[in-house]
Structures are given as C-alpha cells and as structure tokens.
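Order of the sequence lines sets the chain letters (A, B, ...), proteins ahead of strands, with each chain counted from 1. Just so we're clear, the structure is a prediction, and the values are computed from it rather than from any experiment.
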Number of protein chains: 2
Amino acid sequence: MSDTFAIGELGRATDTKVETVRYYERIGLLAAPPRTSGNYRAYDRGHLNRLSFIRRSRDLGFSLDQVRALLDLADQRDRPCEAVDEIARGHLAEVERKIADLEALRDELRGMVRQCGHGSVRDCRIIEALSPGDALAAAPG
Amino acid sequence: MSDTFAIGELGRATDTKVETVRYYERIGLLAAPPRTSGNYRAYDRGHLNRLSFIRRSRDLGFSLDQVRALLDLADQRDRPCEAVDEIARGHLAEVERKIADLEALRDELRGMVRQCGHGSVRDCRIIEALSPGDALAAAPG
DNA sequence: TATGGACCCTGTAGCAACTACAGGGTCAAG
DNA sequence: CTTGACCCTGTAGTTGCTACAGGGTCCATA
C-alpha cells in the first residue's frame, strides 16, 4: 500500500531491467524521481505509466527518438494528433519495407538451402552462391 | 592493367566503405595485404574475391561470426558441406522468425493508424493504444 | 547487537557492425 | 611547387541496452 516504490519493483512491473530504467533516466527519457534518505529512487504511479508507455512503444519497434517524440506529443493534449499519426505511419512504412527485404532474403536462402546436395564443400551450392561469379577462377584450388 | 590496387579501388569494386575494409582487416576477417613503399595497402584478386564473398554474405544478413564460419568452411574444400548447410538453415529459420514478428507488428500498427480520427491528441487512438490500460486515470489532464 | 543477504548507488566498459573524425603522409597533375 | 585526391593510424561516436566493479542501505533473524 505504499504509494512510491523502488527501482526493482518498477522494473518488475514493467518487465524492464533495472539498468535499463537507469539508462532511460540518463538519456532523459524517464524523469529522475525524488530520492529517499538513503538515496534510493522513489517512483510513483506517473513514472510507472510513463515507463509502460515507453516499453510498449519499444515493443512495437519505435526507436528511442520516436518514443521521445511520441511522449512529447502525448503531453500536448490539445494539439491535433497529425504528428502522432505521421510517426506511426512512418514506422509502419519502415516495417513494411523491412518485411519485403526479409522476404526477398528468405527466398534466396530457401533457394540456396534447397540446392545443397550434401556433397563436399568443393561442390557446395551455398558457397558457390556466395562467391563472386568470375572470380572463382582465381581462387586457390 | 595493374595486378594490385589500393583500398579505395577495392572499396568501389565491392561497394564497401574504405573504413569498413580496414575494419574487416582489424577484426581478422580479411587478410592484411602487403604494403607499397609508401605504406599503402596493395590488394590483389584474391582479396577482392574474399571481400566480395563477405559482402554478399552480409547482404544476405549473415552475421560477421557466421561469415567467419562460412569463410573457414569454404576453405576446407574436401570436407562435407553439412556445416555450411546448417548455417544457412539456421539463418533461414531466423529470418522466418523475424518476418513473423514484423508481420504481427505491422498488423498492430495498421490497426492503430487506421483508427486515428485526426482529432486532438486527447482523443488519439494511437496514444491510447500505447498507454497502459488502467493507468490513464492517473494521467494529468 | 551483529550479520547476512537482498536490494540499491555510481561509473565505466562491453556488445554488433560499422562510421566519422583528427591529424597527419603520399602521389600525380599542372 | 602547390593543389587536391587519396592513403595512413588511432580514437570516439552510433543504438539500445547489458554487465560488471566496488561500494552503500535496509531489514530480518540469531
């Protein structure tokens, strides 16, 4: 029933390592809380909300800079939320690009793995696929 | 028609920054070439092949450690290529996992963006989606 | 009252995989 | 003989943490 809590408790409540909480404070993402007489950080519910927001955003893949911007925007409750939308859309576009890249990658890897004849490295299609085309001739053999 | 070339040329030929080439040398991925009288690195076709292999592997998302392993294996030409196959398969599984993660992420982001009513931040669904459920009550406002 | 263990503090260094200087040396062209 | 493009070494920065080392605090238990 305490209304403040120490860093370990905060970490457990938000699934965040203690070092990470201190790191967020150091880079100015999470406000420094008041200290107890023993110099322990004393967090309150506001900090908990803030950190939850940060962690959820991070889980969704927003960068720390994006999280910072989102936090700033979340505080300007009367402003139009276009900027928020833009950050989210930008991130979505980024994620979609990454997926496309990874899918191309996956297809190439699948091709490589499929062609592997389990012979010797000499005839390995994977090594071959990774080697430069006309340069093989110059390789020591 | 020179049979050796300087680091800049090597970089251009493999789409690699000069600093990156030196970095690969420093971490022992690319053999240190002989030097000219003026202490310039003098690369030959073997280095070019090696670096091409490295870059192609990196483009395909292999980690430097994986690349190192692939290079070692590629040199053991008489060994069976199972180890190569295993690295490729492991990497493929990793890529597939990443794609699945990103697709889940994308769906969540799409949902958020779709619901944005372009009103004020106060009513922003995106911010809401990022905020902890029961914690909103405690937010100032 | 002492002591043990769980927790907290600061500060620094490490991870991947580069990238970007600073402060110099080399080399070919004009 | 100077300009400018290139090269050299060494170090520090990037992102987002994570892992110590070397201490201090707090609370329960003997």
Side-chain angles (χ1 to χ4, degrees), chain A residues 2 4-30 32-44 47 50-51 53-71 90-91 94-95 98 101 105, chain B residues 1-2 4-30 32-44 47 51 53-71 90-91 94-95 98 101 105:
Chain A
S2 65
T4 73
F5 29 87
I7 196 165
E9 242 174 307
L10 182 69
R12 273 188 298 279
T14 55
D15 198 30
T16 311
K17 294 229 162 77
V18 163
E19 289 95 338
T20 305
V21 177
R22 287 196 284 246
Y23 169 72
Y24 287 160
E25 178 181 321
R26 207 164 58 243
I27 63 169
L29 205 59
L30 188 65
R35 301 292 182 110
T36 66
S37 58
N39 200 30
Y40 284 20
R41 286 171 180 81
Y43 294 98
D44 63 15
H47 292 102
R50 207 76 169 169
L51 183 53
F53 186 103
I54 294 169
R55 296 301 285 179
R56 172 122 180 87
S57 303
R58 293 288 300 128
D59 281 350
L60 285 173
F62 288 97
S63 72
L64 287 181
D65 263 7
Q66 288 174 322
V67 175
R68 209 186 297 270
L70 287 170
L71 280 169
H91 181 46
E94 213 176 290
V95 168
K98 268 184 201 161
D101 284 356
L105 201 62
Chain B
M1 289 298 157
S2 66
T4 74
F5 29 87
I7 196 167
E9 243 174 306
L10 182 70
R12 272 188 300 278
T14 56
D15 199 29
T16 311
K17 293 227 165 78
V18 163
E19 288 95 337
T20 304
V21 177
R22 286 196 284 245
Y23 169 72
Y24 288 159
E25 178 182 320
R26 208 164 56 242
I27 64 170
L29 206 59
L30 189 63
R35 300 294 180 108
T36 67
S37 58
N39 201 30
Y40 283 21
R41 287 171 179 83
Y43 294 99
D44 63 16
H47 292 102
L51 184 52
F53 186 103
I54 295 169
R55 294 303 282 178
R56 172 121 180 86
S57 303
R58 294 287 302 126
D59 281 352
L60 285 173
F62 288 97
S63 72
L64 287 183
D65 264 5
Q66 288 174 322
V67 175
R68 209 185 296 271
L70 286 170
L71 279 170
H91 184 45
E94 207 179 295
V95 167
K98 268 187 200 159
D101 285 356
L105 204 64

Go through [options] for me and flag the one nearest to the [X] side chain.
{"X": "A:Leu64", "options": "D:dG16, C:dC9, D:dC8", "result": "D:dG16"}
{"X": "B:Arg35", "options": "D:dC17, C:dT19, D:dC8", "result": "D:dC8"}
{"X": "A:Lys17", "options": "D:dA19, D:dC17, C:dC8", "result": "D:dA19"}

Protein-nucleotide distance ([X], atom [atom1]; [N], atom [atom2]), rounded to Å:
{"X": "B:Asp65", "N": "C:dC18", "atom1": "CG", "atom2": "P", "answer": "12 Å"}
{"X": "A:Phe62", "N": "D:dG16", "atom1": "CZ", "atom2": "P", "answer": "13 Å"}
{"X": "B:Asp59", "N": "C:dA17", "atom1": "CG", "atom2": "C1'", "answer": "14 Å"}
{"X": "B:Phe5", "N": "C:dC27", "atom1": "CZ", "atom2": "P", "answer": "19 Å"}
{"X": "A:Tyr23", "N": "C:dG11", "atom1": "OH", "atom2": "C1'", "answer": "16 Å"}
{"X": "B:Asp15", "N": "C:dT19", "atom1": "CG", "atom2": "P", "answer": "10 Å"}
{"X": "B:Glu19", "N": "C:dC18", "atom1": "CD", "atom2": "C1'", "answer": "9 Å"}
{"X": "B:Glu25", "N": "D:dC7", "atom1": "CD", "atom2": "P", "answer": "14 Å"}

Check the phosphate of [N] against [X], side-chain N and O only, distance under 4.0 Å to OP1 or OP2. Yes or no?
{"X": "B:Tyr24", "N": "C:dC18", "value": "yes"}
{"X": "B:Arg41", "N": "D:dT9", "value": "yes"}
{"X": "B:Arg26", "N": "D:dT9", "value": "no"}

Could you check whether any side-chain N or O of [X] sits under 3.5 Å from a backbone N or O of [Y], counting only pairs where one atom can act as donor and the other as acceptor?
{"X": "B:Gln66", "Y": "B:Ser63", "result": "yes"}
{"X": "A:Thr16", "Y": "A:Thr14", "result": "yes"}
{"X": "B:Asp44", "Y": "B:His47", "result": "yes"}
{"X": "B:Arg58", "Y": "B:Phe62", "result": "yes"}

How is [X] classified with respect to the nucleic acid when contacts are heavy atoms under 4.0 Å: base, sugar-phosphate, or nothing?
{"X": "B:Thr36", "value": "nothing"}
{"X": "B:Ile7", "value": "sugar-phosphate"}
{"X": "A:Arg22", "value": "base"}

Other residues, nucleotides and ligands only: do more than 12 of their heavy atoms fall within 6.0 Å of CG on A:Asp15?
no
Quick one: on DNA chain D, does A:Asn39 or A:Thr20 contact a more 5' nucleotide (nearest heavy atom)?
A:Thr20
Residue met sooner reading DNA chain C from 5', once B:Ser37 and B:Arg58 are mapped to nucleotides:
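Residue closer to the 5' terminus by nearest nucleotide: B:Arg58.
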Ignoring hydrogens and angles, does a donor from either the side chain of B:Tyr40 or the base of C:dT26 sit under 3.5 Å from an acceptor on the other?
yes
